[in-house]
Each structure stands twice: as C-alpha cells, then as structure tokens.
**Student:** 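Encoded as structure tokens, here's the structure I'll be asking about.
Hydrogens, waters and symmetry mates are skipped; everything else that's a heavy atom, side chains included, is used. First listed ligand is number 1; within each ligand, the first listed atom is number 1. Every value quoted in this text rests on a predicted model; they were computed, and no experiment measured them.
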Amino acid sequence: MADKIQELSEEIKQFTAANQEELEAYRIKFISRKSVLGDLFSEMKNVAPENRKAYGQAVNEVKQLAEEKFRALIEELENGSESSASKAPIDLSLPPVVNLGTVHPLTIIHNRIVEIFQKIGFNVADGPEIEDDFHNFTALNFPENHPAREMQDTFFIESNPDIALRTHTSSIQIRVMENQKPPFRTLAPGRVFRNEAISARAHCFFHQVEGFFVDKNVGLVDLKQTLYYFAKELFGQDTQVRFRPSYFPFTEPSAEMDISCNICKGKGCNVCKYTGWVEILGSGMIDPNVLENCGIDSEEYTGFAFGMGIERIAMLKFQVNDLRLYSENDVRFLNQFKNIS
Ligand code: PHE
C-alpha cells in the first residue's frame, strides 16, 4: 500500500498539462470524488488498526500534494507557461512590431509649404548654412556699416568676420540667381541663425522658407496673387489677407503680410494680441540692385521675393505657445503630431 502511495505522488509531481483537456484529465484522476485518492481512503478499513494513523496521514499528504499541483497547473495554463510559449511555432510572416517615430511638426509645415508652391510650378533650392558676407548681406543691398545689418544679430566666425552663420534664407536667392539664368520660380527652405537670447518667443536658430519669382513683366499683382493663393491653401479658403508697408534692403517696395487670426477667426485673442491679425511673412519686389549684383539685367527682368518663419506658422497652425518645444525632443510633445502629415 505504501508503494502505491509513493507511486501516485511521483505521478502527480511529474504531471504536466499542455491544455484544458489534460488539466481536466488530471482533475478527474486526482481531485474528483471518484479520484484514485478516494479509492485510497476507502482502503482504510482494510488497514490494520495500528497502521491506520500512519496510513491516513500518508494519504492526506498525497491529497494535499494533488491539490497544490492542481492550483499550479491552472496558473501555468492561464499565464501561458514559458515552456509552452517557447515551444510555440514562430510565425515568420508576422510584421515586426516597430515603434515608429512621428513627423516633426516643423517638417509637416515645411512639406505643406513646399507642396503648395510646387503646385504652381516652384522648384526647391538649397544653400550653405555657413555663409560669406557677400551672399548674406552685400549682394542683398545691405551697404557696409549700414544699420540694417544690425536688424539681424549675426553669429560671426571669430577668426574670420567675413564668414557667418546665415541670418536668413535670402542668401540662397543670391546663390541661385548668380549661378542660373532667369526665369526663376524657386523656393528655398533652410535653417537660419541669430544671436538672440532663447525664450518662448525667440531662439538662436529657426527655419525659414524663402521664395522668389523672376521673369519678364513680373509685377506687384503677381506677388499679391501668389501670396493670397498660398495663405488660403495653408490656412483655409475663408482666410483674410492684408499687406502692410515695410522695409527690407533687398526689396522695394516691401510689405509684410498678415492673415486674419486663424485661432479666433479675427474676433481677437491673445495670439493676435486682440487685433484679429497675425503677421506671417515679409515680401517685396526684388530691388534692381540685387538683380544687377547677380548679373541679371534689371531692365529686362523684374521679380518678387518673400520669406517666412516655419516655427511661427507651425505655432499658428498647431497652437504651440513655446518655441523651445520644437528642439527639445520631448516625445510627449512630438507624439501629439502622430496622425498629422
Ligand atoms: N529675409 C527677410 C527676413 O529674414 C524676409 C524676407 C525675404 C523679406 C524676402 C522680403 C523678401 O526677415
């Protein structure tokens, strides 16, 4: 009889259940009322009285062992035991789970702007971030020692005051115009640098998109229509546009363009400082001097140019209220742009 008990407890210890059916087989065999353990209890009457106590104890121990094992088997099946998981065949056709990043909000706006101008025939040009004085200032009609140079707080390369980080993308205008023949219908996006204290509203680097159109008989009306089209495409067809006279050394006349505040729809809010209008770009007719500086005959060709800050437009589109967020790489910020492209 002791052998039988020993045998059963070995069997219990060895038992594994790979699925519910096997678990049920275990339950029937070791736990149910008709279990083999029940049989052992009914054997009690055949055991000699002096051995009954020891026998009873031994049977109770197997019973306990069987119940513990049962609980363990259930748990293992519920959690999908490691051994059975590792035995599962690998599905090679499953696509890998990759946590994809998001398109950066500045890239989203950059792409939108490029798309809008590409539809009306603009191409895209690039230029260096480290520029010389000629391309960043002189060719753009900033006379030497002219106070207009101070409008832009320039980062110079210490050892060479002729070399600086470009302060605007207008330098690309010069590079394209001096190397190619008109007509031009070009967009020039890029990063620019200014020596400003970093705050919610200013940064020492930001991004601009420059655009310029040079051909025979280009007039102010072309500038206005192009920018009307752009503003409505980007901010919606009901967007109002207005031009205010301004000054840039490289355009004459010059104008800044405002759009009706897209946040309060012109009613007045703290983004538009309760004026109902927000400035989005600078523009103007390219000064004949600039064309001549690039070897273009200003009697034959005229053109317009415009430049806008991508951060500012992204702020208006996405209601971002702190410029620093764009370069901090905080995933809580970036994840908010997940479904926009
Ligand atoms: N370069 C000017 C700026 O950075 C913007 C501008 C570009 C204005 C082209 C007029 C024409 O402020």
**Student:** When you compare the side chains of Thr138 and Asp133, does any donor N or O come within less than 3.5 Å of an acceptor on the partner?
**Tutor:**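 Yes, Asp133 and Thr138 have a side-chain donor paired with an acceptor closer than 3.5 Å.
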**Student:** Nearest heavy atom to atom 4 (O) of ligand 1: which of Arg166, Glu256, Gln208 does it belong to?
**Tutor:**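 Shortest heavy-atom distance from atom 4 (O) of ligand 1: Gln208.
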**Student:** Tell me, with the steps shown, if Ser260 and Gln240 meet side-chain hydrogen bond (donor to acceptor under 3.5 Å, both in side chains).
**Tutor:** CA-CA 5 Å; Ser260 49; Gln240 302 287 305; 5.8 Å; no
**Student:** Taking distance alone, with N or O pairs closer than 3.5 Å, would you say Glu210 contacts ligand 1?
**Tutor:**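 Looking only at distances, the answer is no, because the N/O contact criterion of under 3.5 Å is not met.
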**Student:** Using atom types as modelled, flag every donor-acceptor pair under 3.5 Å from a side chain in residues 270-278 to any protein atom, sequence neighbours excluded.
**Tutor:**
from, atom 1, to, atom 2, distance (Å)
Thr275, OG1, Cys272, O, 2.7
Thr275, OG1, Trp277, N, 3.1
Thr275, OG1, Trp277, O, 3.1

**Student:** Could a heavy atom of Phe212 be found less than 4.0 Å from some atom of ligand 1?
**Tutor:**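 Flag not set, Phe212 not near ligand 1.
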**Student:** For the residue pair Phe304 and Phe213, does the interplanar ring angle fall in the parallel (under 30°), tilted (30 to 60°) or perpendicular (over 60°) class?
**Tutor:**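 Geometry flag for Phe213 against Phe304: tilted rings.
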**Student:** Report the residues that fulfil side chain to side chain donor-acceptor pair (under 3.5 Å) with Glu24, sequence neighbours left out, ordered by chain and then residue number.
**Tutor:**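 Expected list: Arg27.
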**Student:** Just by distance, do the side chain of Asn51 and the backbone of Val47 share a donor-acceptor pair under 3.5 Å?
**Tutor:**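 Pair absent, no side-chain N/O of Asn51 close to backbone of Val47.
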**Student:** Indicate, as side chain, backbone, both or neither, the part of Arg194 found under 4.0 angstrom from ligand 1 when only non-hydrogen atoms are considered.
**Tutor:**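 The side chain, only.
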**Student:** Quick one: does His168 get an N or O within less than 3.5 Å of an N or O on ligand 1?
**Tutor:**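 Min N/O separation from ligand 1 is below 3.5 Å for His168.
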**Student:** Heavy-atom pairs closer than 4.0 Å: do any link ligand 1 to the side chain of Ser254, the backbone, both, or neither?
**Tutor:**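 For Ser254, no heavy atom sits under 4.0 Å from ligand 1.
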**Student:** Counting from 1, what ligand 1 atoms have a heavy atom of Phe306 closer than 4.0 Å?
**Tutor:**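 Those of ligand 1 that fall under 4.0 Å from Phe306 are 7 (C), 9 (C), 11 (C).
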**Student:** Checking the N or O distance criterion of under 3.5 Å, is ligand 1 in contact with Ser170?
**Tutor:**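 Between Ser170 and ligand 1 (N or O atoms, distance only) the closest approach is under 3.5 Å.
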